[in-house]
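This report refers to the structure that appears directly beneath it.
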Amino acid sequence: MNLNHVEIHTDGACKGNPGPGGWGALMRSGDMVREIFGGELETTNNRMELTAVIEAILALKRPCKVTLYLDSEYVRKGITEWIHGWKARGWRTAAKQPVKNADLWQKLDALVSNSGHLIDWRWVKGHAGDPGNERADALANLGVDQALKR
């Protein structure tokens with residue numbers, strides 16, 4: 001199967017934690033560039049980081065080979081390492097506490113498992129000059145602004 005390659009940069013932002021937040025994603029495939037963003041009035045930074053990834057994957061119309069850049073080790077390690085234990089323990093942590101943001105983790109898990117995408121999860125240092133990450137951060141902040149104007 002010959003899958004289109006899509007490069008995605010995602011980020012989340014929050015003004016206060018919790019507080020108004022936003023998410024953003026920069027998506028590139030060949031010459032095509034798409035930017036998406038949104039926000040919520042009462043949320044957390046981790047929820048916005050997760051939402052950015054979920055919304056970017058949802059925006060893909062057919063199975064793709066994805067290189068996904070994010071500055072959140074919480075999301076990257078959560079989906080590639082921790083989630084297996086959480087699921088095995090009925091969405092509880094090793095300390096037997098409920099997994100925070102389980103609703104979003106379950107949504108992301110279903111997307112990753114059932115979408116047909118091949119995703120390469122790559123961490124980048126935030127606020128360190130990476131152009132894709134800087135743009136995703138700017139889009140996330142537009143999401144905060146959008147939420148505050150509602």
Side-chain angles (χ1 to χ4, degrees), residues 3-29 34-128 130 132-144 146-148 150:
L3 301 178
N4 280 1
H5 180 256
V6 180
E7 185 176 282
I8 299 174
H9 296 264
T10 64
D11 203 11
C14 216
K15 306 299 180 202
N17 199 17
W23 59 268
L26 168 65
M27 309 170 70
R28 284 194 190 108
S29 182
R34 183 171 178 200
E35 296 181 337
I36 58 175
F37 62 90
E40 297 175 20
L41 278 177
E42 188 64 22
T43 189
T44 66
N45 191 62
N46 283 341
R47 289 189 69 80
M48 292 295 91
E49 294 280 0
L50 279 161
T51 300
V53 173
I54 290 166
E55 293 295 336
I57 294 171
L58 282 172
L60 300 172
K61 301 298 181 219
R62 61 186 167 279
C64 297
K65 184 177 182 204
V66 177
T67 306
L68 200 150
Y69 297 91
L70 64 170
D71 63 9
S72 171
E73 282 285 55
Y74 169 71
V75 175
R76 190 187 68 79
K77 285 187 174 177
I79 196 64
T80 62
E81 298 173 25
W82 306 332
I83 199 163
H84 311 293
W86 294 338
K87 287 164 61 171
R89 291 186 294 271
W91 294 96
R92 297 216 165 255
T93 66
K96 298 186 175 35
Q97 297 302 307
V99 171
K100 288 183 180 162
N101 307 310
D103 59 327
L104 295 177
W105 283 116
Q106 290 165 359
K107 189 172 186 176
L108 181 57
D109 181 46
L111 275 173
V112 169
S113 300
N114 304 324
S115 64
H117 302 304
L118 299 175
I119 304 174
D120 179 13
W121 302 88
R122 299 204 186 164
W123 180 81
V124 296
K125 185 170 173 55
H127 309 286
D130 179 272
N133 180 258
E134 296 294 337
R135 184 60 191 152
D137 179 67
L139 291 166
N141 281 292
L142 286 174
V144 176
Q146 183 184 66
L148 289 170
R150 277 195 213 122

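Hydrogens, waters and symmetry mates are skipped; everything else that's a heavy atom, side chains included, is used.
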Student check: side-chain heavy atoms of [X] and [Y] closer than 4.5 Å:
| X | Y | result |
| --- | --- | --- |
| Gln146 | Phe37 | yes |
| Leu3 | Leu118 | yes |
| Glu35 | Met27 | no |
| Glu49 | Val53 | no |

Item to check | CA sep, side-chain torsions, deciding dist, call: Leu142, Trp23, side-chain contact (heavy atoms from CB on, under 4.5 Å) | outcome: CA-CA 8 Å; Leu142 286 174; Trp23 59 268; over 6 Å; no
Next on the checklist: Give me each pair satisfying side chain to side chain donor-acceptor pair (under 3.5 Å) with a member in residues 60-71, each pair once, sequence neighbours excluded.
Outcome noted: His5-Thr67, Tyr69-Arg122, Asp71-Asn133
Item to check | Criterion side-chain contact (heavy atoms from CB on, under 4.5 Å) on Trp121 and Val112, from CA distance to verdict | outcome: CA-CA 11 Å; Trp121 302 88; Val112 169; 3.8 Å; yes
Next on the checklist: Any salt bridge linking Asp130 with Lys125? Criterion: basic side-chain nitrogen under 4.0 Å from a carboxylate oxygen.
Outcome noted: no
Quick check: closest heavy atoms across [X] and [Y], and the distance to 0.1 Å?
| X | Y | answer |
| --- | --- | --- |
| Asn45 | Gly12 | OD1-O, 3.5 Å |
| Trp105 | Ile83 | O-CD1, 4.0 Å |
| Gly24 | Ala52 | O-CB, 3.7 Å |
| Leu26 | Leu139 | N-CD1, 4.2 Å |
| Ala136 | Thr10 | CB-C, 3.7 Å |
| Ile36 | Ala59 | CD1-CB, 4.2 Å |

Item to check | Audit row: His127, Asp137, side-chain contact (heavy atoms from CB on, under 4.5 Å) steps and yes/no | outcome: CA-CA 8 Å; His127 309 286; Asp137 179 67; 3.5 Å; yes
Checklist outcome for this item: Sorted by chain and residue number, the side chain to side chain donor-acceptor pair (under 3.5 Å) partners of Asp103 (sequence neighbours excluded) come out as Arg47
Item to check | Test log, rule side-chain contact (heavy atoms from CB on, under 4.5 Å), inputs Leu70 and Val124 | outcome: CA-CA 6 Å; Leu70 64 170; Val124 296; over 6 Å; no
Going by salt bridge (charged side-chain N to carboxylate O under 4.0 Å, His left out), name the residues that satisfy it together with [X], two or more places apart in sequence or in a different chain.
| X | value |
| --- | --- |
| Glu42 | none |
| Glu81 | none |
| Glu40 | none |

Checklist entry - Under the side-chain contact (heavy atoms from CB on, under 4.5 Å) test, which residues partner Ser115, sequence neighbours left out? => result His117
